[in-house]
Chemist: 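Next up is a structure, given as structure tokens.
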6 protein chains.
Amino acid sequence: MVKFISDETIKNALKEDILSGDVTTNATVDKNMTASAQIIAKQSGVICGQPVAERVFKLLDKTINYQIIKNDGEKINKGDVLANIYGSARALLTGERTALNFMQRMSGIATAAAKASEMVKGTKTRICDTRKTVPGLRAFDKYAVKTGGAYNHRFGLFDGILIKDNHIKAAGGIKQAVERARAVLPHTLKIEVETENIQMVKEALSCNADIIMLDNMDISQIIEAVKLIDGRALTEASGNMDEKNIAEIAAAGVDFISMGALTHSVKALDISMKFE
Amino acid sequence: MVKFISDETIKNALKEDILSGDVTTNATVDKNMTASAQIIAKQSGVICGQPVAERVFKLLDKTINYQIIKNDGEKINKGDVLANIYGSARALLTGERTALNFMQRMSGIATAAAKASEMVKGTKTRICDTRKTVPGLRAFDKYAVKTGGAYNHRFGLFDGILIKDNHIKAAGGIKQAVERARAVLPHTLKIEVETENIQMVKEALSCNADIIMLDNMDISQIIEAVKLIDGRALTEASGNMDEKNIAEIAAAGVDFISMGALTHSVKALDISMKFE
Amino acid sequence: MVKFISDETIKNALKEDILSGDVTTNATVDKNMTASAQIIAKQSGVICGQPVAERVFKLLDKTINYQIIKNDGEKINKGDVLANIYGSARALLTGERTALNFMQRMSGIATAAAKASEMVKGTKTRICDTRKTVPGLRAFDKYAVKTGGAYNHRFGLFDGILIKDNHIKAAGGIKQAVERARAVLPHTLKIEVETENIQMVKEALSCNADIIMLDNMDISQIIEAVKLIDGRALTEASGNMDEKNIAEIAAAGVDFISMGALTHSVKALDISMKFE
Amino acid sequence: MVKFISDETIKNALKEDILSGDVTTNATVDKNMTASAQIIAKQSGVICGQPVAERVFKLLDKTINYQIIKNDGEKINKGDVLANIYGSARALLTGERTALNFMQRMSGIATAAAKASEMVKGTKTRICDTRKTVPGLRAFDKYAVKTGGAYNHRFGLFDGILIKDNHIKAAGGIKQAVERARAVLPHTLKIEVETENIQMVKEALSCNADIIMLDNMDISQIIEAVKLIDGRALTEASGNMDEKNIAEIAAAGVDFISMGALTHSVKALDISMKFE
Amino acid sequence: MVKFISDETIKNALKEDILSGDVTTNATVDKNMTASAQIIAKQSGVICGQPVAERVFKLLDKTINYQIIKNDGEKINKGDVLANIYGSARALLTGERTALNFMQRMSGIATAAAKASEMVKGTKTRICDTRKTVPGLRAFDKYAVKTGGAYNHRFGLFDGILIKDNHIKAAGGIKQAVERARAVLPHTLKIEVETENIQMVKEALSCNADIIMLDNMDISQIIEAVKLIDGRALTEASGNMDEKNIAEIAAAGVDFISMGALTHSVKALDISMKFE
Amino acid sequence: MVKFISDETIKNALKEDILSGDVTTNATVDKNMTASAQIIAKQSGVICGQPVAERVFKLLDKTINYQIIKNDGEKINKGDVLANIYGSARALLTGERTALNFMQRMSGIATAAAKASEMVKGTKTRICDTRKTVPGLRAFDKYAVKTGGAYNHRFGLFDGILIKDNHIKAAGGIKQAVERARAVLPHTLKIEVETENIQMVKEALSCNADIIMLDNMDISQIIEAVKLIDGRALTEASGNMDEKNIAEIAAAGVDFISMGALTHSVKALDISMKFE
């Protein structure tokens with residue numbers, strides 16, 4: 001994430017919390033008081049969001065000293081000190097919740113991504129994310145997925161061609177849709193086709209699709225599809241992928257498994273900030 | 001939510017997904033093609049986000065017809081049609097994911113809020129939210145909490161005085177903190193004090209705090225605190241409140257239970273969009 | 001005021017003055033010329049806006065040295081040097097008007113707030129402001145009121161419940177309005193009811209309103225109302241409060257007097273900038 | 001004012017008042033309730049700001065019907081109905097203060113401008129404004145000045161060349177400053193020179209300044225300067241111009257009198273909104 | 001271009017021209033006057049920018065009637081009427097220059113793109129654009145290239161992998177760079193490698209690059225490279241491509257020719273607006 | 001250009017190129033790698049845009065060291081090193097294209113402005129620009145014109161009065177238009193009238209227009225007009241001014257020649273960035 005771009009999101013987060021002012025802190029804490037605090041893990045997992053938390057505090061007071069102890073992507077255990085912070089007591093108190101809101105979500109995503117990746121270890125399969133992210137935080141969500149050791153699918157509608165059932169219907173068939181895409185789209189983008197059954201897989205293959213998505217197929221269909229495709233296109237399994245089925249599906253030899261739950265149903269990692 | 005304010009968030013969500021264009025849709029779907037689609041529940045719960053989804057599509061094409069079948073706050077069952085949409089096929093396809101990303105999160109929150117509220121039914125206790133929301137979406141998260149039948153705590157740092165442990169430490173004691181707050185803050189705001197034990201409860205009471213938060217206390221402490229306070233201040237239980245303990249805590253007679261998990265660990269409600 | 005928030009207002013002020021460029025300065029003053037200047041009071045009063053003026057110049061050239069001689073809130077006399085400034089001559093000339101426009105208004109407000117506060121000295125009454133501020137400058141106007149020694153009422157529509165005549169009419173009565181508010185609003189906000197006569201005061205009392213506004217009442221009514229309320233609610237006198245009547249009204253024992261004129265009819269304090 | 005430009009200012013004004021929501025109105029007034037209201041003059045003067053007030057309400061609810069009874073620039077008397085408004089009760093209540101804040105200031109300015117213009121009637125002198133406007137509202141302030149029948153000076157630093165004492169000092173003299181300006185500036189702008197005594201007037205004349213500002217001169221100096229200039233440049237009197245001296249100064253034959261007080265020390269015109 | 005996204009650019013263009021107001025038009029043209037005007041070609045070429053011009057006027061006055069006679073992409077001859085416009089005379093005059101500035105540039109690009117495409121007709125080669133566009137107008141420039149019948153390369157740094165000489169140097173070789181890219185980047189993006197000689201082409205081929213750019217090669221090198229690649233990767237000729245050499249290079253069998261001059265050195269098409 | 005204003009344009013340029021990230025650079029170049037690069041002229045001309053290019057890189061990484069070798073306005077020859085840059089390799093690679101896009105256009109404009117100015121050397125005529133700039137870049141385009149040694153006409157519609165044929169038509173004649181303008185417009189602006197023939201010149205003269213534009217007149221008309229005007233107004237020749245006719249027209253004694261082509265049809269100066 002380029003700082004001057006992500007800054008807008010972080011500033012907006014601070015604004016929605018502070019608006020006309022942190023009335024409690026401004027009333028109870030002297031303007032010039034300084035304080036030390038620690039970011040502490042209250043749960044095990046993979047840490048993510050340190051530069052974001054640092055930026056939150058620095059936007060409030062650029063003299064804050066934020067010392068990272070555990071870097072993004074490191075495994076952390078309950079009780080670990082993740083960062084030491086020193087500076088304006090007001091800035092620490094005002095920024096605390098916003099910093100933790102980012103960090104807890106990002107670490108929750110990274111932890112889930114790491115867990116899923118671990119489950120397919122030893123196969124060639126890559127776990128990847130989807131566009132099912134929280135509105136406004138896609139760059140943060142996707143960064144967290146990578147931090148956890150999984151992979152990013154396309155960022156949005158603009159950097160990947162994914163022909164879905166409704167595109168196929170609108171174009172009049174897989175063949176027509178692929179041809180239309182190939183006729184006008186930048187040559188830097190691969191063409192992926194979503195298929196729901198073996199017949200559609202065959203059609204996609206015959207159009208030389210670069211990637212074939214096997215959507216909501218059961219394991220036997222996936223196995224059949226992967227055999228049929230036989231390396232002539234990349235394969236991506238999708239649709240209700242979860243911890244129960246991804247090991248088996250990876251074993252079937254797909255190149256990618258895309259999991260919406262990595263970002264649409266995040267369990268926040270418990271992290272807190274303690275003043276000394 | 002005032003439309004001209006929430007519009008910025010919705011526009012940003014669309015922008016982050018569309019950026020330089022929905023390449024697939026623009027290539028495969030004719031500009032003037034129209035389509036009908038339905039928003040369908042794939043899971044039971046409480047629906048939330050209809051006006052947001054409608055706005056997503058209208059921002060892409062103001063002639064889209066979005067007919068709401070289930071209003072925000074209604075209970076829905078798997079298979080229910082939630083909305084019928086008709087209009088530009090491109091707008092429907094381009095907006096689909098953004099609309100669902102909002103709606104699935106908001107409905108997930110509303111469903112959890114409804115469930116928690118149900119569990120304290122019959123008591124005077126109100127379930128309320130916290131500031132542990134996703135950065136940038138607080139207005140949406142809090143609206144969803146209310147839609148589910150629970151209550152909103154303060155929106156941010158500006159519309160409620162909540163004196164926490166670190167404010168107390170900085171001010172030099174509960175008494176000093178409350179006095180400083182009372183000395184300068186707008187008289188329209190109540191003063192809430194976070195306490196961790198009975199001694200602190202007593203101090204807060206002696207300062208005439210309007211609300212006393214019982215933070216991370218066990219059930220026996222909560223019972224003792226509520227008795228001690230005896231209506232002289234409002235009481236709020238907080239800290240790891242979940243489905244396992246809220247019924248018991250409500251029975252102890254607290255006025256409010258605030259639950260961070262309502263918004264920091266949302267399970268998206270499964271909702272999809274089907275083209276006819 | 002959080003700097004990264006108030007910066008937007010200050011930048012907009014500079015932009016509306018500079019737009020395509022300060023043609024005169026750019027033509028007549030060498031780019032690398034430096035200059036010294038002083039901010040000087042041409043009238044007595046209370047100074048306010050030093051950090052804003054400093055920021056105006058720093059936004060134009062971050063190397064400007066702005067040395068504050070009189071801090072916000074200090075009484076100043078005609079002829080006093082308020083600040084010494086040194087740095088880019090272009091930045092000083094380009095920023096002069098914008099800096100003074102902020103400072104003269106803010107000092108005008110602080111001076112009026114100090115005067116009104118002085119007039120109720122010795123009573124328990126607090127002079128407070130209203131929402132009758134200049135569009136876009138509320139944070140600045142309210143900061144100036146506090147700087148002058150008076151108090152802030154709610155910032156906006158979001159951080160205080162004030163049930164006015166039209167809300168009462170719409171809800172069907174004071175009782176209904178208060179109950180509706182209590183049923184849904186965050187428990188961190190007090191409920192204030194605007195009353196116009198003794199009968200309304202009684203109704204508001206019977207609903208346990210936290211604050212009762214005595215709007216446009218004459219002094220005898222105010223005295224009667226304060227006696228009747230007898231500490232069971234906070235009292236606020238409002239409506240054409242000015243230097244002629246506030247001492248008398250304060251003597252009647254109201255808790256607050258809110259004065260729109262503090263911000264809607266500001267007399268700028270005369271301050272100028274002199275180059276050496 | 002171009003609507004899509006002034007809209008930003010009006011939206012910001014609404015945002016600073018509403019932020020997270022008008023809690024009182026949303027709690028006490030039904031969403032679908034409609035209401036009628038009137039804007040009423042509580043003081044005589046010149047009305048200004050009708051399109052702005054209308055826009056405030058329309059931004060909240062575009063179906064609001066705002067019927068203007070007195071157009072901008074008309075003289076109004078105490079008790080006059082200025083506008084009838086009909087529509088969403090919530091929008092009327094939420095927008096009331098913001099609409100009035102704009103309107104009261106703008107009408108206050110227009111009234112003062114009309115009064116000053118009246119005082120120089122029969123002379124060739126034009127009363128004009130300055131850059132001493134409220135930060136962020138210059139377009140509104142200047143529109144109000146024109147509405148009152150006075151004239152606008154340059155809008156900002158970009159659309160008029162005004163060589164002041166410090167520019168002269170920096171350039172090394174009036175002659176040098178004027179020559180530098182003439183050497184590089186767009187030929188569409190006139191060159192105005194600020195003078196403080198007769199000697200400076202002579203120098204400005206000898207450089208063919210288009211406009212000569214007579215700054216802080218007493219009436220005898222002004223008379224002498226006007227005679228000396230004798231139509232070879234436009235003349236502008238400036239510096240503490242007020243109701244006491246402008247008639248006399250106009251009689252001296254200056255072309256323009258610029259009055260900072262028109263906008264830096266505005267007395268709001270008393271206007272209210274009454275629900276039926 | 002999605003309207004609510006391109007609107008920002010169009011509004012900014014209007015703002016930079018109008019700022020504090022179109023002083024001439026507002027002074028000389030009555031507010032309620034209407035007028036008819038025609039957009040007329042003063043040169044032959046390919047028209048582009050009609051929806052943008054229409055939007056310019058509609059943003060100034062939404063009741064303007066803009067009737068398109070020649071659609072984007074049509075060939076036009078000197079003297080052709082391109083559009084009829086009717087509505088507010090002020091809006092027509094104020095918007096004229098901004099509308100034409102967009103349209104003349106966009107038509108200039110479309111015309112050049114059409115010309116270059118015509119020159120490679122009959123070959124499989126596609127003329128495409130580059131990122132050498134005017135800052136802030138990339139979406140407009142790229143739309144114009146397509147309108148002229150040529151193709152778009154990647155939009156920016158985010159939707160295409162293009163490994164250039166400096167990436168290769170930084171990574172330690174073509175092989176290393178391609179492997180690093182393949183290891184982490186979304187599988188929806190193809191990998192393009194920039195080569196400057198036959199040796200580099202061989203290396204790129206051996207890494208299975210999807211696209212090989214032949215940068216600044218002479219015709220004989222290009223012929224050799226295309227033969228060598230033999231369909232195993234897409235080929236793109238780049239570097240000082242112009243009307244003199246593209247026919248010959250296309251004949252050599254490259255898939256793409258990318259031309260920076262299409263957008264970095266645009267000759268505006270002469271188009272004017274005539275009032276009736 | 002004021003930095004905090006031009007920064008918005010530069011940031012937008014970077015955003016449109018980077019959006020979700022420079023995928024290639026982030027994949028192939030280590031985060032902490034540094035590099036040295038040179039900006040090199042590949043063509044002779046006048047350099048312009050150094051501070052803009054520097055700012056591009058500094059916005060990406062504020063520690064970048066950008067050493068300017070040739071200052072804006074200097075003549076440069078093919079092969080000249082224009083700047084040395086050192087710092088984050090990623091920032092250099094990510095910013096390269098945006099920096100060059102600004103610089104090539106700006107240097108192209110400066111070069112053309114210098115050439116045209118050279119052609120009228122020895123006369124009193126000043127070459128000036130028009131409002132035919134690229135939407136969004138007017139401040140940059142006009143800065144480049146000045147850098148090349150030519151002059152700026154008004155910046156936009158707000159800082160110069162230019163009464164064109166359609167204003168004349170709308171007002172009912174030159175006399176009426178000039179009078180209307182003089183009656184209401186700020187006295188800091190001169191009045192320019194566009195004329196197409198000698199008759200119109202006479203009318204403009206009789207109204208004491210400050211500047212008379214001779215639009216699309218042939219050389220003999222221009223000579224006649226200049227004689228007729230005889231210094232009583234400034235004269236500006238306009239309409240298809242190019243290298244073929246400006247020397248002759250300057251010799252006729254006009255004060256200004258305004259050339260749209262300086263900015264509407266820019267030939268980018270070839271400049272590249274070479275990594276060491």
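Convention: sequence-line order gives letters A, B, ...; per-chain numbering from 1. The figures here come from the full heavy-atom set of this structure, side chains too, leaving out hydrogens, waters and symmetry mates. These figures come from a predicted structure and were not determined experimentally.
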Chemist: Against chain D, work out which of S20(C), G156(C), S265(C), A183(C) has the most heavy-atom pairs shorter than 4.5 Å and name it.
Modeler: S265(C)
Chemist: Is P135(C) close to T9(D) at the side-chain level, that is, under 4.5 Å between some pair of heavy atoms?
Modeler: no
Chemist: Counting only heavy atoms closer than 4.5 Å, note whether R105(D) contacts chain C via side chain, backbone, both or neither.
Modeler: side chain
Chemist: Check side-chain contact (heavy atoms from CB on, under 4.5 Å) between Q43(C) and all other residues, then give those that pass, not counting sequence neighbours.
Modeler: K267(C), L269(C), D270(C)
Chemist: Relative to chain C, which segment of V184(D) carries a heavy atom at a distance below 4.5 Å: side chain, backbone, both, or neither?
Modeler: side chain
Chemist: Among K15(D), E16(D), M33(D), who wins on heavy-atom pairs under 4.5 Å with chain C?
Modeler: E16(D)
Chemist: Given a strict heavy-atom distance threshold of 4.5 Å, which part of I161(C) is in contact with chain D: side chain, backbone, both, or neither?
Modeler: both
Chemist: Please check: side-chain N/O of N101(D) versus main-chain N/O of R131(C), any donor-acceptor pairing under 3.5 Å?
Modeler: yes
Chemist: For R154(D), which atoms come within 4.5 Å of any heavy atom of chain C: side chain, backbone, both, or neither?
Modeler: side chain
Chemist: If you draw a 6.0 Å radius around CG in N240(D), do more than 12 non-hydrogen atoms from other residues or ligands fall strictly inside?
Modeler: no
Chemist: Report the distance from atom OG1 of T24(D) to atom CG of L185(C), rounding to the nearest 0.5 Å.
Modeler: 7.0 Å
Chemist: Please identify, among K132(C), E96(C), H264(C), the residue contributing the most non-hydrogen atom pairs under 4.5 Å to chain D.
Modeler: K132(C)
Chemist: Nearest 0.5 Å, please: how far is CG in D17(D) from CZ in F155(C)?
Modeler: 9.0 Å
Chemist: Of the listed residues (L14(C), T98(C), V29(C)), which shares the most heavy-atom pairs with chain D below a 4.5 Å separation?
Modeler: V29(C)
Chemist: Quick one: what part of L189(D) sits under 4.5 Å from any heavy atom of chain C, side chain, backbone, both or neither?
Modeler: side chain
Chemist: Return the option, out of I191(C), V134(C), N12(C), with the maximum number of heavy-atom pairs under 4.5 Å with chain D.
Modeler: V134(C)
Chemist: With a 4.5 angstrom heavy-atom cut-off, which part of L93(D) approaches chain C: side chain, backbone, both or neither?
Modeler: side chain
Chemist: Please state whether the side chain, the backbone, both or neither of E8(D) comes within less than 4.5 Å of a heavy atom of chain C.
Modeler: neither
Chemist: Which residues in residues 163-179 of chain C have any heavy atom closer than 4.5 Å to a heavy atom of chain D?
Modeler: I163(C), N166(C), H167(C), K169(C), A170(C), A171(C), A177(C)
Chemist: If you draw a 6.0 Å radius around NZ in K115(D), do more than 12 non-hydrogen atoms from other residues or ligands fall strictly inside?
Modeler: no
Chemist: Can you measure from CG (L19(D)) to CZ (R138(C)) and round to the nearest 0.5 angstrom?
Modeler: 9.0 Å
Chemist: Taking the side chain as every heavy atom from C-beta outward, state whether L157(D) and T25(C) have any pair of such atoms under 4.5 Å apart.
Modeler: no
